Amino acid sequence: MEKRILTGDRPTGRLHLGHYVGSLQNRVRLQYEYDTYVLIADVQALTDNFEHPEVLRQNVFDVTLDYLAVGLDPERVKIVVQSMVPELAELTIYFMNLVTVATLERNPTVKEEIKQRNFKRGVPVGFWSYPISQAADITIFKAHLVPVGEDQLPMIEQAREIVRRFNALYDKVLIEPKAMVGEVARLPGTDGAAKMSKSLNNCIYLSDPPEVLRKCVMSMFTDPTRIHPTDPGHVEGNPVFTYHDSFNPDKAEVEELKERYRKGTVGDVEVKQRLFAALDKFLAPIRQRRAEYEAKPERVREIILEGTRKARAVAQQTMKEVRTAMKIAYFD
Ligand code: ATP
Ligand code: MG
């Protein structure tokens with residue numbers, strides 16, 4: 001059997017540079033080597049957006065456009081809407097018995113996200129337990145590999161634990177997945193925060209037009225200890241240089257800028273202008289492919305429906321095996 005990839009994104013906004021280096025890049029690179037399923041995780045997005053579910057609709061299309069724009073091949077990759085595969089909900093329920101409350105409470109990413117979100121009426125059970133539903137997402141497709149950003153490593157670990165427990169308890173049906181972190185495990189935000197994230201409003205989006213991109217780059221956080229362009233500056237931990245390292249293919253230019261920055265012979269403005277130029281060049285073909293698909297909404301709709309249909313067939317097959325293993329296939 002061809003090995004599989006499962007990965008996904010929450011349809012809470014368009015995709016950004018963090019998604020690209022953290023996960024999209026690996027998906028594009030591996031799409032012809034692996035049978036690839038990319039999940040638009042709307043059920044997961046609901047766990048912290050249930051009060052305004054209407055925001056998800058447009059984002060399902062926007063995220064799909066981003067996928068196609070970065071070069072996921074719709075003839076090859078299955079783009080899947082999570083809520084349209086109800087078998088995922090069933091598997092989640094069975095998995096809930098295999099995880100303890102204490103384990104969920106220890107998940108460092110969920111802890112961090114709960115702090116960030118500041119839920120007014122307490123933490124919803126759905127949000128708190130999303131690692132379990134994410135384990136169902138991964139395992140129902142029998143994925144071997146999960147390209148994700150660093151923040152998702154505890155989720156993959158949780159999924160592996162569940163698989164081991166399930167296979168030992170019932171029967172060897174599920175596959176223990178491996179995480180694959182991207183070239184940059186965690187891209188910082190334009191504000192210097194540890195992670196670029198839609199929820200933190202510190203993103204450069206793959207679909208940003210040049211004017212928006214310029215504004216974002218020119219207002220980026222740099223080295224807070226540097227007041228004048230003649231002060232020696234810090235390159236390490238400076239997001240402007242992190243972005244140069246990730247998106248500027250001209251390594252000689254980047255090295256030269258770093259050297260001058262350390263010596264205090266180049267200002268932030270020039271470093272940012274060069275970053276803008278590099279990013280604009282990187283994004284230009286992505287914007288163009290996005291526009292081509294944007295002009296064909298019927299085709300995009302078809303791609304989503306077709307991907308979801310194929311994925312659901314796989315999920316239904318796995319659930320048959322799961323029920324048999326659990327000895328609850330009473331009438332088979
Ligand atoms: P939200 O704020 O809605 O959670 P997000 O920006 O964190 O949005 P997700 O949809 O949660 O994005 O993440 C999708 C995938 O992209 C995950 O694998 C995640 O690890 C990866 N990812 C997101 N942001 C970054 C980042 N800044 N650096 C590296 N990977 C990232
Ligand atoms: Mg997130």
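Note that the structure is predicted; figures quoted are calculated from it, not measured. Any value given below was found using the heavy atoms of this structure, including those in side chains, with hydrogens, waters and symmetry copies removed.
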When you measure from the centre of the six-membered ring of Y261, is the NZ or CZ of K258 under 6.0 Å away and within 45° of the axis? no
Would you kindly say whether N238 and H234 are connected by a side-chain donor-acceptor distance under 3.5 Å? no
Can a salt bridge be assigned to the pair E270 and R260 using a cut-off of 4.0 Å between side-chain N and carboxylate O? yes
Within residues 135-148 or reaching into it, pairs that qualify as side chain to side chain donor-acceptor pair (under 3.5 Å) - sequence neighbours excluded: Q82-D137, K142-E321
T7 and R27: side-chain donor and acceptor closer than 3.5 Å? yes
When you compare the side chains of Q152 and Q134, does any donor N or O come within less than 3.5 Å of an acceptor on the partner? yes
Tell me whether R323 is salt-bridged to E90, with the criterion being a basic N under 4.0 Å from an acidic carboxylate O. yes
K310 bridged to E75 by N-O distance under 4.0 Å: no
Between R76 and E2, is the closest basic N to carboxylate O distance under 4.0 Å? yes
Modelled atom types, side-chain donor and acceptor of N248 and Y243, under 3.5 Å: no
Report yes or no: is the cationic atom of R14 (NZ for Lys, CZ for Arg) under 6.0 Å from the centre of the six-membered ring of Y205, at an angle within 45° of the ring normal? yes
State whether R186 and D151 are salt-bridged, where the test is any N-O pair (Lys NZ or Arg NE/NH1/NH2 against Asp/Glu carboxylate O) under 4.0 Å. no
Going by an N to O cut-off under 4.0 Å, is there a salt bridge joining D250 and K281? no
What closest approach, in Å, do V110 and P131 show between heavy atoms, and which atom pair accounts for it? CG2-CG, 3.7 Å
Joining Ile, Leu, Val, Met, Phe, Trp and Tyr whenever any side-chain heavy atoms lie under 4.5 Å apart, the cluster holding I5 also takes in L30, Y34, L145, M180
